[in-house]
Amino acid sequence: MRFDFATLDVFTNRRFAGNGLAVVLDADPLTTEQMQAIAREFNLSETIFVMKPADPAHTARVRIFFPTGEIPFAGHPTLGCAIFLAEQKYKPGCSFETLIMLEEVAGLVPVKISRIGDVSTGVFTAPIVPHAAKAALPSPALAAKALSLNENEIGFGAHCIGAWQGGPTFLFVPVKSRDALARCTVSEPSWSEMTGTSRIWNAYAYTAGGDHAETNYRARMFAPAAGVSEDPATGSATALLAAQLLASKELADGKTRLKLEQGYEMGRPSDLVLEADVAGGQLTAVRVGGQAVQVMEGSLEV
């Protein structure tokens, strides 16, 4: 069997930046094992498989895989796939606005896509409002050792270590400075001790500020157990960051719009937008946005 595919760089407006994604089309005949093998072959942080929707009113049903396993929802595959599918409907260079509805394991994800000129922009609404994860949080001392930092470099302001879920689950580790964030590296055996304690196999480290004056937060995400030593852009973690920021007293009632950087330290600069709606001190909706550009297209044999 032959399947067409495309690759995109997501959360960027230029090729060879952002987070790489493979999109495999008309994937209905593929088994779970075959999808996993294809994801392992691409060896990108995620590969998304596009199938016919269960509801004809929706655009597509999709499944998302790390090189080592399936995930119910992920941000950069959602955004990149939606932009790719939207662009197939319109002539190159044609401006448009459209809504792509993706059926994901975690739920239905609407993605608003618009294009003016050559680069498309999308905004997806997280299928699950982020909420606290049941996890034993590591101590600042252990988190520091796991990330090759000093204990006094963990936390800033009202920001403390947290664990949040909404499809996937992430451990959030605030670090005091840009310098500390740049020095973060996974350090064993402390990393395995930290992830074993929390039962969360990834960590999203972040701090205030960035390269650009308008950037609110800079982040890095490590998930070696998923075959991703470091992720250039993590849309799902960005969505869950809204809950971390609310707990850190950074979000007021109403709509807050923030800009984030990720992947800069690894030479894959990614720019993300986070929008959070809060009412009565509670999150009611979270959206994540960015751009994507196609890099390659081809076919694969199974």
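Side chains are part of it too, since the values below use all heavy atoms of this structure and drop only hydrogens, waters and symmetry mates.
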Greater than 12 external heavy atoms within 6.0 Å of Asp118's CG = no

request  = Walk me through it: do Gln262 and Thr234 pass the test side chain to side chain donor-acceptor pair (under 3.5 Å)?
outcome  = CA-CA 8 Å; Gln262 191 179 334; Thr234 317; 2.9 Å; yes

inquiry  = Using side-chain contact (heavy atoms from CB on, under 4.5 Å), reason through Leu274 and Leu260 one step at a time and then give a plain yes or no.
reply    = CA-CA 8 Å; Leu274 169 63; Leu260 294 96; 3.7 Å; yes

ask   = Is the backbone N or O of Val278 less than 3.5 Å from a side-chain atom of Gln282, with the two atoms forming a donor-acceptor pair by type?
value = no

note = dist Leu137:CG -> Ile200:CD1 (nearest 0.5 Å) comes out at 7.5 Å

inquiry  = Within the 4.5 Å heavy-atom criterion, are Tyr217 and Thr207 side-chain neighbours or not?
reply    = no

ask   = So do the side chains of Val293 and Arg14 get within less than 4.5 Å of each other, counting heavy atoms only?
value = no

query = Do you know which of Leu147, Leu171, Asp231, Thr195 makes side chain to side chain contact (heavy atoms under 4.5 Å, CB included) with Phe222?
reply = Leu147

request  = State whether the number of non-hydrogen atoms from other residues, nucleotides or ligands found under 6.0 Å of Glu214 atom CD is greater than 12.
outcome  = yes

inquiry  = Looking only at side-chain N and O atoms, does Thr169 offer a donor or acceptor that is under 3.5 Å from a partner on Arg199?
reply    = no

ask   = Between Trp164 and His131, is any pair of side-chain heavy atoms under 4.5 Å apart?
value = no

query = Is there a side-chain contact between Val186 and Ser229 (heavy atoms, below 4.5 Å)?
reply = no

task = Just do the side-chain contact (heavy atoms from CB on, under 4.5 Å) check on Arg115 and Tyr90 with the steps written out, would you?
result = CA-CA 10 Å; Arg115 184 173 69 190; Tyr90 298 91; 4.0 Å; yes

ask   = Under 6.0 Å between the ring centres of Tyr206 and His159?
value = yes

ask   = Yes or no on side-chain contact (heavy atoms from CB on, under 4.5 Å) for Leu241 and Val286, after CA distance, side-chain angles and deciding distance?
value = CA-CA 10 Å; Leu241 179 64; Val286 176; over 6 Å; no

query = Do you know the tightest heavy-atom contact between Leu251 and Ala276?
reply = CD1-CB, 3.9 Å

message = Quick one, Ile154 and Leu149 - any side-chain contact, counting heavy atoms below 4.5 Å?
response = yes

ask   = Where the side chain of Glu193 meets the backbone of Leu142, is there a donor-acceptor pair that is under 3.5 Å apart?
value = no

query = Is the NZ atom of Lys52 crowded by more than 12 outside heavy atoms at less than 6.0 Å?
reply = no

message = Other residues, nucleotides and ligands only: do more than 12 of their heavy atoms fall within 6.0 Å of CD on Glu41?
response = no

message = Any carboxylate oxygen within less than 4.0 angstrom of a Lys/Arg side-chain nitrogen, looking at Lys112 and Glu97?
response = no

query = Which is it for Phe3 and Leu25 under the side-chain contact (heavy atoms from CB on, under 4.5 Å) test, yes or no, and what are the steps along the way?
reply = CA-CA 6 Å; Phe3 298 87; Leu25 302 172; over 6 Å; no

request  = Look at the side chain of Thr7 and the backbone N and O of Met296, then say whether any donor-acceptor pair between them is shorter than 3.5 Å.
outcome  = yes

Linked, directly or transitively: Phe66 and Val62 (ILVMFWY side chains, under 4.5 Å) = yes

inquiry  = Just so I know, are the side chains of Val50 and Cys81 near enough to count as touching, which here means a heavy-atom distance under 4.5 Å?
reply    = yes

ask   = Closest heavy-atom contact between Gln244 and Cys160?
value = NE2-O, 2.8 Å

ask   = Same cluster or not: are Val228 and Met266 linked, directly or through other Ile, Leu, Val, Met, Phe, Trp or Tyr residues, by side-chain heavy atoms under 4.5 angstrom apart?
value = no

request  = Please report the closest heavy-atom contact between Phe73 and Gly166, naming both atoms and the distance.
outcome  = CD2-O, 4.1 Å

Stepwise salt bridge (charged side-chain N to carboxylate O under 4.0 Å, His left out) check, Asp26 with Arg2 = CA-CA 10 Å; Asp26 301 318; Arg2 177 170 291 190; over 6 Å; no

Gln34 (side chain) donor-acceptor with Ile38 (main chain) under 3.5 angstrom = no

request  = Please check if Phe96 and Leu85 belong to a single hydrophobic cluster, counting links between Ile, Leu, Val, Met, Phe, Trp and Tyr side chain heavy atoms closer than 4.5 Å.
outcome  = yes

query = Would you say the side-chain atoms of Glu87 pair up with the backbone N or O of Pro92, donor to acceptor, closer than 3.5 Å?
reply = no

inquiry  = If you define the side chain from C-beta out and look only at heavy atoms, does anything of Phe11 sit under 4.5 Å from Leu79?
reply    = yes

key: Flag, side chain of Thr47 to backbone of Ala22, donor-acceptor distance under 3.5 Å   = no

message = Are the side chains of Asp55 and Glu103 in contact, using a 4.5 Å heavy-atom criterion?
response = yes

task = Would you check if the distance from the ring center of Phe42 to the ring center of Phe5 is below 6.0 Å?
result = yes

key: Residue pair Arg63, Thr32: steps toward the side chain to side chain donor-acceptor pair (under 3.5 Å) verdict   = CA-CA 9 Å; Arg63 294 177 68 182; Thr32 297; 2.9 Å; yes

inquiry  = Hydrophobic clusters here meaning ILVMFWY residues chained together by side-chain heavy-atom distances under 4.5 Å, can you tell me if Leu181 and Phe170 are in one?
reply    = no

query = Is there a donor-acceptor contact under 3.5 Å linking the side chains of Asp9 and Asn19?
reply = no

inquiry  = Could you tell me if Thr121 and Gln291 have a donor-acceptor pair between their side chains, going purely by distance under 3.5 Å?
reply    = yes

key: Donor-acceptor contact present, side-chain Arg178 to main-chain Gly210, <3.5 Å   = yes

query = Between Lys145 and Glu151, is the closest basic N to carboxylate O distance under 4.0 Å?
reply = no

message = Who clusters with Leu99? Use side-chain heavy atoms, under 4.5 angstrom, across I, L, V, M, F, W and Y, and order the result by chain and number.
response = Met101, Leu108

message = Restricting to non-hydrogen atoms, name the atom on Ile113 and the atom on Ser120 that form the minimum distance, rounded to 0.1 Å.
response = CG2-CB, 4.3 Å

Residue that, paired with Asn216, satisfies side chain to side chain contact (heavy atoms under 4.5 Å, CB included) out of Lys259, Glu261, Glu250 = Lys259

Shortest non-hydrogen contact from Asn202 toward Met221 = CB-SD, 3.8 Å

request  = Could you tell me the separation between the OG atom of Ser299 and the CD atom of Glu301, rounded to the nearest 0.5 Å?
outcome  = 6.5 Å

ask   = Sub-3.5 Å donor-acceptor pair from the side chain of Thr68 to the main-chain atoms of Ala226, do we have one?
value = yes

Arg218/Glu265 ion pair, N-O < 4.0 Å = yes

message = With side chain to side chain donor-acceptor pair (under 3.5 Å) as the criterion, how do Thr12 and Ser270 come out once you've worked through the C-alpha distance, each side chain's angles and the decisive distance to 0.1 Å?
response = CA-CA 6 Å; Thr12 181; Ser270 305; over 6 Å; no

request  = Kindly work out whether a path of hydrophobic side-chain contacts (I/L/V/M/F/W/Y, heavy atoms less than 4.5 Å apart) joins Leu258 to Val129.
outcome  = yes

request  = Applying salt bridge (Lys or Arg N to Asp or Glu O under 4.0 Å), name anything that partners Glu33, two or more places apart in sequence or on another chain.
outcome  = none

key: Donor-acceptor contact below 3.5 Å, side chain Arg257 vs main chain Glu275   = no

Pair Thr78-Glu104, side chain to side chain donor-acceptor pair (under 3.5 Å): steps then yes or no = CA-CA 9 Å; Thr78 295; Glu104 303 196 11; 2.5 Å; yes

inquiry  = Testing the basics here: between Gly155 and Lys176, what is the closest heavy-atom pair and its distance to 0.1 Å?
reply    = O-CE, 3.3 Å

